[in-house]
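In what follows, chains carry the letters A, B, and so on, assigned in the order in which the sequence lines appear, proteins first and then strands, with residues in each chain numbered from 1.
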There are 2 protein chains.
Amino acid sequence: MNELLTRKLVEPGAVAAWRRAAAETAATSDADALELVELFFFAYRDFVGDADRLLGNFGFGRAHHRVLHFVNRRPGLTIAALLDILRITKQSLNRVLKQLLEAGFVEARAGVVDRRQRLLYPTPQGTKLARDLAALQSARFLKVMDELPPAARGAASQFLFAMIDPDERARVRAHLACAKTAGEAP
Amino acid sequence: MNELLTRKLVEPGAVAAWRRAAAETAATSDADALELVELFFFAYRDFVGDADRLLGNFGFGRAHHRVLHFVNRRPGLTIAALLDILRITKQSLNRVLKQLLEAGFVEARAGVVDRRQRLLYPTPQGTKLARDLAALQSARFLKVMDELPPAARGAASQFLFAMIDPDERARVRAHLACAKTAGEAP
DNA sequence: CTATTTACGTCAACTATATTGACATAAATC
DNA sequence: GATTTATGTCAATATAGTTGACGTAAATAG
């Protein structure tokens with residue numbers, strides 16, 4: 001891949017957007033919005049593709065990835081909290097969670113305050129896989145941030161957060177606040 | 001929804017990012033990257049949720065949406081081109097495409113230059129549904145762009161494009177170049 | 001003009017991920 | 001003691017995808 005070519009490619013509707021921004025007429029047109037819709041589709045397609053390949057080696061799929069990821073990020077997570085994050089039914093969660101428990105990537109301990117609850121923790125093996133998966137996806141972001149002009153970097157985070165349903169933002173914020181930095185001492 | 005609260009919420013890692021950007025030390029840490037991974041997950045979850053509800057009324061799913069969307073955006077698309085965009089097998093495409101054809105949302109005409117090809121076009125009904133779906137998703141982007149500071153708007157497009165695999169960018173660029181503005185006269 | 005390749009369709013079996021609905025159990029709470 | 005809560009589980013079903021094998025008509029190469 002030619003670097004010059006690559007650099008030149010980083011600007012679909014961005015050129016027009018910049019011109020308008022520069023001209024202080026920063027409205028976003030319907031055509032721009034449609035372009036964003038498609039870019040979001042392609043970006044997500046490639047984003048999840050990375051992890052899919054690694055997961056295949058373990059006989060796991062995306063569903064396992066999501067569970068392992070959030071358990072690793074928030075050790076001690078309850079089933080109810082996980083269901084709330086993933087927005088799936090308990091039957092659906094139970095299938096993949098059972099596999100992760102049996103394969104020894106996640107373990108469940110009875111809750112101390114409420115013994116009905118099952119608190120989920122990653123095993124050392126689970127932590128390692130979660131870290132490897134996170135590394136793949138983080139690498140994409142780190143590379144992207146490197147490609148982007150410094151001024152655009154903070155904007156990416158703002159943009160994604162603004163894309164979340166307003167009534168969901170508080171929940172996401174709470175999740176981020178109590179999340180562990182992945183890959184801490186296993 | 002309290003406006004003040006909402007405004008305050010638009011800044012997960014963004015605060016830190018801004019401080020660093022202001023301090024001219026604009027490196028992106030692993031922790032920031034992880035946060036972006038999760039924001040991307042939540043943002044995409046909500047993004048597709050909008051359209052899912054409308055599709056349900058027609059007995060269609062996401063797969064139908066994607067096909068209809070790209071046929072509407074690029075009338076005259078061939079099966080091969082569509083397979084290349086969606087990255088699924090022809091068997092998988094055929095199932096949903098057949099349903100869209102039978103339901104009268106898409107029609108296929110034999111290619112003029114190569115009569116083996118089937119050129120796909122939206123019917124008036126298909127155009128309407130595609131437009132309604134696009135309107136839902138565009139609305140989210142338009143609202144987001146409105147929430148964001150003008151300087152961050154162009155960055156969103158740049159960011160998403162940079163998230164796409166480098167070897168895919170030329171293809172995406174070509175697609176965007178020859179795409180029709182959705183919702184043109186049916 | 002025959003041979004091969006290409007663009008597409010189709011049958012079949014299978015996997016992964018989700019759903020709804022009903023029922024079970026143990027622990028917490030009223 | 002009755003009820004609610006947190007979770008597990010059985011069963012049936014839907015959607016979206018896969019691989020593999022085979023068919024057919026049209027374009028193209030020899």
Side-chain angles (χ1 to χ4, degrees), chain A residues 41 44-45 48-49 51-71 76-103 106-121, chain B residues 41 44-45 48-49 51-71 76-103 106-121:
Chain A
F41 166 74
Y44 195 78
R45 183 192 67 178
V48 293
D52 283 352
R53 281 160 231 133
L54 178 55
L55 286 160
N57 302 338
F58 294 83
F60 291 147
R62 279 181 207 177
H64 303 87
H65 183 185
R66 293 195 284 263
V67 171
L68 181 60
H69 174 93
F70 287 110
V71 167
L77 202 65
T78 65
I79 301 284
L82 197 45
L83 288 174
D84 188 53
I85 289 173
L86 299 176
R87 299 298 184 88
I88 57 175
T89 58
K90 61 179 173 176
Q91 294 91 328
S92 195
L93 170 60
N94 206 251
R95 181 180 33 86
V96 309
L97 181 56
K98 203 188 285 181
Q99 289 168 357
L100 285 167
L101 288 164
E102 281 165 6
V106 170
E107 69 177 21
R109 304 175 203 156
V112 273
V113 34
D114 184 337
R115 277 175 36 210
R116 290 170 304 180
Q117 293 183 326
R118 298 179 75 197
L119 308 185
L120 304 171
Y121 294 88
Chain B
F41 166 76
Y44 196 78
R45 183 192 67 177
V48 293
D52 283 352
R53 280 161 231 131
L54 178 54
L55 286 160
N57 302 338
F58 293 84
F60 291 146
R62 278 181 209 177
H64 303 88
H65 183 185
R66 294 195 282 263
V67 171
L68 181 60
H69 174 93
F70 287 110
V71 167
L77 203 65
T78 66
I79 302 286
L82 196 45
L83 288 174
D84 189 53
I85 289 173
L86 299 175
R87 298 302 184 86
I88 58 176
T89 59
K90 60 179 174 175
Q91 295 91 327
S92 196
L93 170 60
N94 206 251
R95 182 172 31 79
V96 307
L97 181 55
K98 203 188 286 181
Q99 290 168 357
L100 285 168
L101 288 165
E102 281 165 3
V106 170
E107 69 178 19
R109 304 175 203 156
V112 272
V113 31
D114 184 337
R115 278 174 36 207
R116 290 170 304 180
Q117 293 183 326
R118 298 179 75 198
L119 308 185
L120 303 171
Y121 294 88

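- Residue contacts for B:Lys90: at a heavy-atom cut-off of 4.0 Å it reaches a base atom on one of the strands shown.
- Ring-plane geometry between B:Phe41 and A:Phe70 is classed as tilted, the angle between the planes lying from 30 to 60 degrees on a 0 to 90 degree scale.
- Comparing A:Leu93 and A:Val112, the nucleotide of DNA chain C nearest to each residue sits closer to the 5' end for A:Leu93.
- The closest side-chain heavy-atom distance from B:Thr78 to B:Leu119 is below 4.5 Å.
- Considering only heavy atoms from C-beta on, B:Leu97 comes within 4.5 Å of B:Ile79 through its side chain.
- Dashed line: the shortest gap from a side-chain N or O of B:Arg87 to OP1 or OP2 of D:dT18 is not under 4.0 Å.
- Here the nucleotide nearest the side chain of A:Gln91, chosen from C:dA22, C:dC8, D:dG17, is C:dA22.
- Regarding contacts with the backbone of D:dT7, every side-chain N or O of A:Asn94 stays at 4.0 angstrom or more from both OP1 and OP2.
- When distances run from any side-chain atom of B:Arg115 to the nucleotides D:dC10, D:dA27, C:dC11, the shortest one goes to D:dA27.
- The minimum heavy-atom distance linking A:Ile85 with B:Arg45 is given by the pair O-NH1, 2.8 Å.
- Between A:Leu83 atom CG and C:dA18 atom P the separation is 12 Å, expressed in whole Å.
- Checked by distance alone, A:Arg116 brings no side-chain donor or acceptor within 3.5 Å of a matching partner on the base of D:dT7.
- Between B:His65 atom NE2 and D:dT15 atom C1' there is a gap of 16 Å when expressed in whole angstrom units.
- Contact check for A:Phe58 versus A:His64: no side-chain heavy atoms found under the 4.5 Å cut-off.
- In the set D:dA26, C:dA18, D:dT9, the nucleotide with an atom closest to the side chain of A:Lys98 is D:dT9.
- To the nearest angstrom, P of D:dA6 lies 13 Å from CG of A:Leu119.
- Taking atom CD of B:Gln117 as the reference point, atom P of D:dA27 lies 10 Å away to the nearest angstrom.
- If you measure from atom CZ of A:Phe60 to atom P of C:dA16, you get 11 Å, rounded to the nearest angstrom.
- When the C1' atom of D:dA16 is taken as reference, atom CG of B:Leu55 falls 14 Å away, rounded to whole Å.
- Distances shown here put a side-chain N or O of B:His64 below 4.0 Å from the OP1 or OP2 atom of D:dA16.
- Regarding A:Leu120, its CG atom lies at a distance of 15 Å from the P atom of D:dA6, rounded to whole Å.
- Here B:Arg62 lies in heavy-atom contact (under 4.0 Å) with sugar-phosphate atoms only.
- OP1 or OP2 of C:dT19 lies within a sub-4.0 Å distance of a side-chain N or O belonging to A:Thr89.
- When rounded to the nearest whole Å, the span between CG of A:Asp52 and P of C:dT15 equals 19 Å.
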